[in-house]
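To start, the structure under review is shown below, and the notes come after it.
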Amino acid sequence: MAKANYDFNKIEAKWMKKWDSAKVFEVKKSKKKKFYVLDMFPYPSATGLHIGHAFVFSLGDIFARFKRLQGYNVLYPIGYDALGLPAENAAIKAKTHPKEYTKKSIANFMKQQKAMGWSYDWSRMVNTSDSDFYKWDQWIFLKMYEKGLAYRKKSSVNWCPKCQTVLANEQVHDGKCWRHEDTNVEVKHLDQWYLKITDYAQELLDGLEKLNWSENAKTRQRNWIGRSEGSEILFEINGKKWPVFTTRPDTIFGVTFLVVSAQHSELMELVSDEQKEEVKKFLKKLKGVSEKQMEDAEKEGVFTGSYALNPANGEKIPVYAGNFVVADYGSGMVMAVPAHDKRDFEFAEKYGIPIKVVVEPKDYEIYERNGQIPQAYEGEGSLVNSGEFNEMESGKVREEITKFLEKKKLGKKKVQFRLRDWLISRQRYWGTPIPMVYCDECGVVPVEEKDLPIVLPDKVTFGKGNPLTTNEKWIKTKCPKCGNKNGKRETDTMDTFANSSWYYLRYTDPKNEKKIFNSDDANYWAPIDQYIGGPEHITMHLIYARFYTKFLRDLGLLNFDEPATRYFTQGIIHGSDGEKMSKSRGNVVEPLETIKRFGADSLRLALVSLASPENDTVWDEKIVEGSSKFLRRVYDYFSNFNPGKIDPKIESKINKTIREISDNVENFKHNLAVIKLRQLFDSFSDKNLDKKTAEKFLLMLHVYCPFITEELWEKLGNKNFISLWSWPKVEEKKINDKFEKEDEIVKKVVDDINNIKKVLKKDKVKVSLYAIPSEVELLRNESETIKTLSGSAVLEVYAVNDAKVKSGEADPEGKAKKAKPGKPGIYLE
RNA sequence: GCGGGUGUGCCGGAGUGGUCAAACGGGACAGACUCAAAAUCUGUUAGCUUAGUGCUUACGAAGGUUCGAAUCCUUUCACCCGCACCA
């Protein structure tokens with residue numbers, strides 16, 4: 001039979017067009033059960049999609065197609081995270097305006113996305129750089145300001161000299177900028193806008209319980225939020241009380257000094273006149289030291305000249321300023337118990353501060369011969385030197401000591417979080433303008449809602465500093481409160497993560513001009529039922545999005561409080577050299593290139609055959625060749641398809657496969673599903689398949705290879721789209737393990753014949769099989785298969801009780817004696 | 001330092017108590033087709049052994065639990081990722 005020519009380029013172009021013009025993937029709210037599948041939207045760059053994108057988005061598409069076939073009303077939208085620094089920087093480099101750059105990049109992305117066969121509802125496309133979109137960023141900001149969740153504060157912030165802007169806590173990785181692995185973040189003192197995410201810390205923590213996310217993702221969020229229970233204790237310094245957070249109130253009698261962070265905003269209040277010079281010298285030394293260097297640095301400090309009173313025993317203890325105390329955790333000040341904390345110990349040793357043991361371990365002596373302790377003892381034990389609490393258990397006495405202090409109004413229980421407020425100001429152009437005005441008379445004044453959006457001006461000069469400060473006409477405005485004409489707009493823009501924190505909601509009602517979205521729409525489609533993205537977003541985007549969702553719920557706009565109930569963290573595909581794909585390494589794979597050579601279907605199939613999707617892997621183009629080979633065979637088979645009568649064996653197998661694959665797809669085990677599809681296909685032969693069963697196979701293959709399956713679906717005589725058909729159902733009754741056992745018998749016989757051939761070093765042979773009577777029929781039916789697979793010239797199947805066998809005529813060496821159930825005797829000649 | 005993960009045959013990678021010398025793909029080798037090659041198809045691919053068998057070695061390393069371990073436990077090594085002076 002003539003080989004069918006699998007012209008994938010033509011086929012893919014054809015269906016792309018058909019899907020587009022029939023608007024197959026556009027959805028509306030309906031009575032049907034909804035399912036919201038979402039991939040994290042990309043930020044468009046001129047370099048276009050790379051293989052990593054191709055992979056994640058294909059995972060989303062597979063899931064969306066699967067759920068669609070299962071009968072859900074599937075929302076699967078796409079958009080562009082167009083605002084942000086990378087676009088601004090790339091535009092500057094390319095000497096164009098970010099707006100132009102973004103526009104071009106998006107057009108390029110769209111071309112590639114369509115080529116990949118991703119089934120987006122294009123009518124819902126969202127672009128964060130449209131003022132229609134970021135207007136609502138500003139609206140949310142105003143609402144937060146109204147509720148006291150957006151505020152301005154001066155504090156030490158992380159500054160990236162390359163980005164020329166401040167960064168959020170989440171964007172500093174290992175002391176470096178998240179975008180510049182080689183750039184140390186500097187510490188600056190600036191007045192900046194913050195969002196009070198910490199108000200939701202407890203809820204963000206509790207909410208994790210009910211989410212169907214990987215344990216790893218949840219653990220990382222938990223650690224990031226970092227809840228610790230302890231006490232807040234007040235220390236009196238120069239007549240004023242200063243709070244200090246500790247998880248070990250039981251060691252209060254061992255406090256021999258206090259350390260205040262060198263970055264503490266009220267540090268100078270504590271410094272005595274005599275010590276001013278010393279402290280200033282110390283601060284000068286620290287200045288210009290990057291956060292990274294600070295982490296590596298030895299503990300250092302300077303005496304402030306002030307003394308505090310230990311609230312437990314009234315002892316006078318010195319107050320130091322230190323480089324190792326984090327300014328914005330707790331109160332930026334710590335009580336130091338050198339005997340029971342190794343950092344305090346180190347510090348005390350260095351500056352000759354007394355070390356006072358207040359906890360004795362149960363079963364050993366912590367002292368050295370000279371009465372000194374060699375190192376801090378951080379474990380539990382019984383209290384000593386602690387007044388009325390002596391001999392009590394350190395672990396049990398915390399509560400009591402806190403109560404004791406509480407009575408004196410010098411302490412209370414406190415829960416402290418590691419999570420910091422979200423620094424949202426950026427000193428860059430390509431972001432959402434923060435809708436605030438500075439008025440000489442009224443101070444900081446929010447823009448009125450009716451005046452939104454505050455549109456980014458096109459005319460700015462790029463160069464040093466924030467480009468927005470170069471457009472004076474834009475900056476100058478009327479004060480919304482008093483009408484004074486000398487108002488000045490805020491020139492800081494929002495962190496790009498502001499956009500991505502709620503974009504998923506805009507998809508549910510993308511064109512709404514009156515409202516951020518219609519609550520009915522949002523409540524119908526959202527939350528996201530299956531979110532897909534990389535591990536790098538767990539402590540950034542996903543924390544912020546959860547926070548925004550809870551806030552919008554509090555505004556009464558949503559009846560749920562988590563953005564995504566199920567989250568799949570996909571693995572990273574590395575370049576063929578095993579390194580992370582990057583332009584500078586030159587190991588980037590362009591999907592369009594691969595599509596040209598093998599087709600999108602082959603690429604998609606390859607991407608999921610490579611490995612289990614949650615694991616990191618190394619890209620290997622050989623996989624695409626393998627997938628392409630398989631698809632050519634599939635195409636050939638179904639192009640020449642003549643429906644026959646369904647073989648019950650195949651029927652059993654396909655039903656079993658449907659059951660397994662349904663489960664695999666649901667759980668992202670695509671690599672396994674693909675293997676099962678291949679095995680199923682291998683069992684198809686010229687005449688053992690009817691049209692219905694053929695279609696079931698195509699339907700399952702469809703989620704991976706949408707184009708070729710549409711084409712073959714049509715070739716089978718169907719007029720509708722396979723994309724909109726329905727997922728095959730398992731017919732349990734058709735599954736019969738008998739067939740598998742028979743297959744095994746046949747396979748074993750073939751293996752045995754081949755083995756004997758090998759031992760005898762014979763090639764073409766005449767084979768005689770002596771089977772127990774109940775297996776004779778099976779082996780006779782399969783004799784052609786056995787002949788082919790074993791390369792035998794002639795094959796005779798006898799029953800062991802056949803007269804000719806018994807007489808030895810047909811069994812010269814008595815091999816029939818070896819026959820057992822499932823294992824016929826074999827004679828070769 | 002803390003937390004999470006990974007380690008399987010020539011390679012990628014399944015498998016989490018027996019049906020495992022271990023799915024599937026790739027590579028290599030052999031055979032068929034061909035004048036030849038590519039493509040395609042078939043087989044082999046730990047070692048020894050054998051008329052279809054049996055044995056040994058093997059799932060990072062070392063121990064242990066068990067009638068039985070790639071799979072469970074302990075220790076250890078290597079690599080990857082996240083957080084990190086958070087009091």
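Just so we're on the same page: letters track the sequence lines, and every chain starts at 1. The basis for the numbers below is simple: all heavy atoms, side chains too, and nothing from hydrogens, waters or symmetry mates. Worth saying up front: this structure is predicted, and the values here are computed from it rather than measured.
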Contact class for [X] (heavy atom, under 4.0 Å): base, sugar-phosphate, or nothing?
| X | result |
| --- | --- |
| A:G230 | nothing |
| A:Y827 | base |
| A:K342 | nothing |
| A:R418 | base |

Below 6.0 angstrom between ring centroids: does that apply to A:Y329 and A:F417?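 No, the ring of A:Y329 stays outside the 6.0 Å limit from the ring of A:F417, centre to centre.
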
Closest to the A:L672 side chain, choosing from B:A51, B:G4, B:G15: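 Of B:A51, B:G4, B:G15, B:G15 is nearest to the side chain of A:L672.
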
Say whether A:R227 and A:Q416, considering side chains only, have a donor N or O and an acceptor N or O under 3.5 Å apart.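 Side chains of A:R227 and A:Q416: no pair found under 3.5 Å.
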
Looking only at side chains, do A:T402 and A:R398 share a donor and an acceptor under 3.5 Å apart? no

Distance between [atom1] atoms of [N] and [M] (Å, rounded):
| N | M | atom1 | answer |
| --- | --- | --- | --- |
| B:U71 | B:G7 | C1' | 14 Å |
| B:C59 | B:C10 | P | 12 Å |
| B:C72 | B:C83 | P | 29 Å |
| B:U75 | B:G1 | P | 16 Å |
| B:A28 | B:U34 | P | 24 Å |
| B:A22 | B:G4 | C1' | 28 Å |

State whether A:S609 places a side-chain N or O below 4.0 Å from either non-bridging phosphate oxygen (OP1 or OP2) of B:G13. no

Would you mind reading off the distance between [X] atom [atom1] and [N] atom [atom2], rounded to a whole angstrom?
| X | N | atom1 | atom2 | result |
| --- | --- | --- | --- | --- |
| A:K299 | B:A84 | NZ | P | 16 Å |
| A:H670 | B:A23 | NE2 | P | 23 Å |
| A:R227 | B:C2 | CZ | C1' | 19 Å |

For A:L672, all residues meeting side-chain contact (heavy atoms from CB on, under 4.5 Å), sequence neighbours excluded: A:N664, A:K669, A:K676

Using a strict cut-off of less than 4.0 Å between a Lys/Arg side-chain nitrogen and an Asp/Glu carboxylate oxygen, indicate whether A:D620 and A:K622 qualify as a salt bridge. no

